[in-house]
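Right, one structure below, let's go through it.
Chain letters run A, B, ... following the sequence lines, proteins first and then strands; every chain starts at 1. Hydrogens, waters and symmetry mates are skipped; everything else that's a heavy atom, side chains included, is used. Predicted, not measured: the structure shown is a model, and the values here were computed from it.
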There are 2 protein chains.
Amino acid sequence: MRRIPDMVITRMSIYSRVLSALMEKGIDIISSDELGKLANCSGTQVRKDLTYFGQFGTRGVGYNTSDLKSNITKILGMDKRWKVALVGVGNLGSAFLSHERFKKHGFDIVVSFDADKSKIGKIYNNVEIRNIAELKESINEFGVKIAIITVPAQFAQEVSDLLVESGIKAILNFAPTTLRVPEKVIIRNVDLSLELEALSFFLTHKRAYDSEFSFLYL
Amino acid sequence: MRRIPDMVITRMSIYSRVLSALMEKGIDIISSDELGKLANCSGTQVRKDLTYFGQFGTRGVGYNTSDLKSNITKILGMDKRWKVALVGVGNLGSAFLSHERFKKHGFDIVVSFDADKSKIGKIYNNVEIRNIAELKESINEFGVKIAIITVPAQFAQEVSDLLVESGIKAILNFAPTTLRVPEKVIIRNVDLSLELEALSFFLTHKRAYDSEFSFLYL
DNA sequence: TAGATTGTTAATCGATTAACAATC
DNA sequence: TAGATTGTTAATCGATTAACAATC
């Protein structure tokens, strides 16, 4: 009944990734310490994270890679498929229409929207581009519950409101702006601008001290 | 001389974004409480974050939006431009070549690389696509210090090693894998797969309790 | 001056790490 | 059995929040 920290979920995904690689190598038992090393954290961290969800190992032995992998897959809900709508078929949006990453993770883009008349009606990678004016009806028609926002920042809130109104339950937002959504709507932001500014900061403030680099206050 | 938490930098970027919006609206004074509200955090958080870098406000009054904005811009190092190389001109990579976001944040993609013979020699948005075999010489030729990795996961470590060897100081990695780089190299990961799996987790475990939604342990 | 708001110190909270009993 | 490693509790660490003196 505990609330699970975001970072625990992120690490669970990483463990899952490491376990896949181990399975491919034919390794079928791994200790928390080894798994941690491959996931860039401690064995303690691995064990602690797993206790949020149950007991998956054997004392004195370790974890069975394929068992743990399938348990994590189920915990993350990666054993099902989700229908997704994409809003904004610009350069990033159209890249996503032909990006296999979504499909690989169980997210099928079934419809897309744009306001640009020259794009409407076209089909990219089997996905139709519809007029954003038809968003609500189309969302209902397809029974889509998840949306990807790849419109310019200034239109993102408006699109988000429209999606929420249409019954969307989760949003993956790529627009560089903080969206206001009702608490019941799940939102994840992938903010490239924030990453670029962090990169800029660390590049600017990198300082050499005794042949070692640290990020310091001025 | 304190180490600055990553989250502080992220929030500084958000403050900067909020301040820009305020300036456009012609608001030239703002209190920490108001700024916090717009940035989705508390006034205390805003004031605490700013103390890492100095004193920017006036007691009893608040902050001058344009002064604070220009201070943050300077702190984040957004007052200069960086030359960038992009490795992997697939669907995501080519989207980035014509993506204005990078330029807007001072990152100019000056050269790109791919292994696909059919792409080599082409020019997208004024950026030449070169053979990845020429990476080292080209990096030196352009004096590039930052690289974006948009190659498939299985080639990312190899590309990363090559970049480090060529003298790259910072990497923005979009491949869904954890790269090993020397400590002195700055690395930021934008991991779409991790976001999708988190979305999947929260969608799977969303539960209604008394008309309220919480993320709970099973 | 009185009211407002910053800058900063102290208290709280939550996440990470250490330690170790349980047990294969 | 002896050695290894998990699962879990307690200790530590660091970040967030509360409180308030300084001061406009």
Side-chain angles (χ1 to χ4, degrees), chain A residues 1-15 18-19 22 27-69 71-72 75 198 214-218, chain B residues 1-15 18-19 22 27-69 71-72 75 198 214-218:
Chain A
M1 212 68 165
R2 291 154 292 179
R3 222 181 166 288
I4 295 163
D6 247 54
M7 277 306 297
V8 173
I9 306 304
T10 300
R11 284 194 299 266
M12 290 295 280
S13 290
I14 295 170
Y15 303 151
V18 169
L19 289 165
L22 290 169
I27 296 167
D28 46 32
I29 295 285
I30 188 145
S31 70
S32 57
D33 273 359
E34 290 172 292
L35 179 51
K37 202 169 293 168
L38 294 166
N40 270 330
C41 67
S42 66
T44 300
Q45 185 79 268
V46 171
R47 296 198 298 280
K48 189 78 208 290
D49 288 345
L50 292 176
T51 58
Y52 279 99
F53 307 101
Q55 303 186 171
F56 306 101
T58 309
R59 286 167 198 237
V61 179
Y63 301 89
N64 178 297
T65 49
S66 102
D67 283 359
L68 184 55
K69 165 77 183 170
N71 271 300
I72 294 178
I75 289 162
S214 328
F215 307 125
L216 300 162
Y217 168 50
L218 295 188
Chain B
M1 214 60 167
R2 288 153 295 176
R3 219 180 170 291
I4 295 162
D6 247 54
M7 275 310 293
V8 173
I9 305 305
T10 300
R11 282 192 301 265
M12 291 295 279
S13 290
I14 294 171
Y15 303 151
V18 169
L19 289 165
L22 290 169
I27 297 167
D28 46 32
I29 294 286
I30 187 144
S31 69
S32 58
D33 273 359
E34 289 172 293
L35 179 52
K37 204 169 292 170
L38 294 166
N40 269 330
C41 66
S42 66
T44 300
Q45 185 79 268
V46 171
R47 297 198 299 280
K48 189 77 209 288
D49 287 345
L50 293 175
T51 58
Y52 278 100
F53 307 101
Q55 304 185 172
F56 307 101
T58 309
R59 288 167 197 236
V61 179
Y63 302 89
N64 177 298
T65 50
S66 102
D67 283 359
L68 185 56
K69 164 77 183 171
N71 271 301
I72 294 178
I75 289 163
S214 327
F215 307 126
L216 301 162
Y217 168 50
L218 295 187

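- For Arg11(A), a side-chain nitrogen or oxygen approaches OP1 or OP2 of dT16(C) to under 4.0 Å.
- Taking CZ from Phe53(B) and CD1 from Ile9(B), the interatomic distance works out to 4.0 Å, rounded to the nearest 0.5 Å.
- For the atom pair NZ of Lys69(B) and CZ of Phe56(B), the computed distance is 14.0 Å after rounding to the nearest 0.5 Å.
- Counting only heavy atoms from C-beta outward, the side chains of Gln45(B) and Asp49(B) approach each other to under 4.5 Å.
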Can you give one letter per nucleotide of nucleotides 17-24 of chain D, 5' to 3': B if a protein heavy atom sits under 4.0 Å from the base, S if only from the sugar-phosphate, - if neither?
BBB--BBB
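- To the nearest 0.5 Å, atom CZ of residue Arg11(A) and atom CG of residue Asp6(A) are 10.5 Å apart.
- The stretch residues 30-38 of chain A touches DNA chain D through Ser31(A), Ser32(A), each having a heavy atom under 4.0 angstrom from the strand.
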Pairing of DNA chain D as dot-bracket, 5' to 3': ( ) intra-strand, [ ] crossing, | other strand, . unpaired, with Watson-Crick or G-U pairs under 3.5 Å?
..||||||||||||||||||||||
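- Going from atom CD1 of Ile29(B) over to atom P of dT5(C) covers 11 Å, rounded to whole Å.
- Atom CE of Met7(B) and atom P of dC13(C) are 20 Å apart (whole Å).
- Distance Ile4(B) CD1 to dT16(D) P: 13 Å, rounded to the nearest Å.
- The main-chain N or O of Val61(A) is never found under 3.5 Å from a side-chain atom of Thr58(A) such that the two would form a donor-acceptor pair.
- Considering only side-chain N and O atoms, Tyr52(A) lies nowhere under 4.0 angstrom from the phosphate OP1 or OP2 of dG7(D).
- One distance of note links CG of Leu68(B) with CD1 of Ile72(B); it measures 4.0 Å at 0.5 Å rounding.
- The nearest whole Å value for the distance from the CZ atom in Phe53(A) to the P atom in dT6(D) is 18 Å.
- The main-chain N or O of Val46(A) is never found under 3.5 Å from a side-chain atom of Ser32(A) such that the two would form a donor-acceptor pair.
- Counting only N and O atoms by type, the side chains of Ser31(B) and Glu34(B) include a donor and acceptor under 3.5 Å apart.
- Interatomic distance, CG of Leu38(A) versus CG of Leu22(A), reported as 6.0 Å (0.5 Å rounding).
- In this structure, Asp49(B) places its CG atom 10 Å from C1' of dA15(D), rounding to the nearest Å.
- At least one side-chain heavy atom of Tyr63(B) sits under 4.5 Å from a side-chain heavy atom of Leu50(B).
- Atom CD of Gln55(A) and atom P of dT5(D) are 18 Å apart (whole Å).
- One finds the CD1 atom of Ile27(A) at 10.5 Å from the CG atom of Leu19(A) (value rounded to the nearest 0.5 Å).
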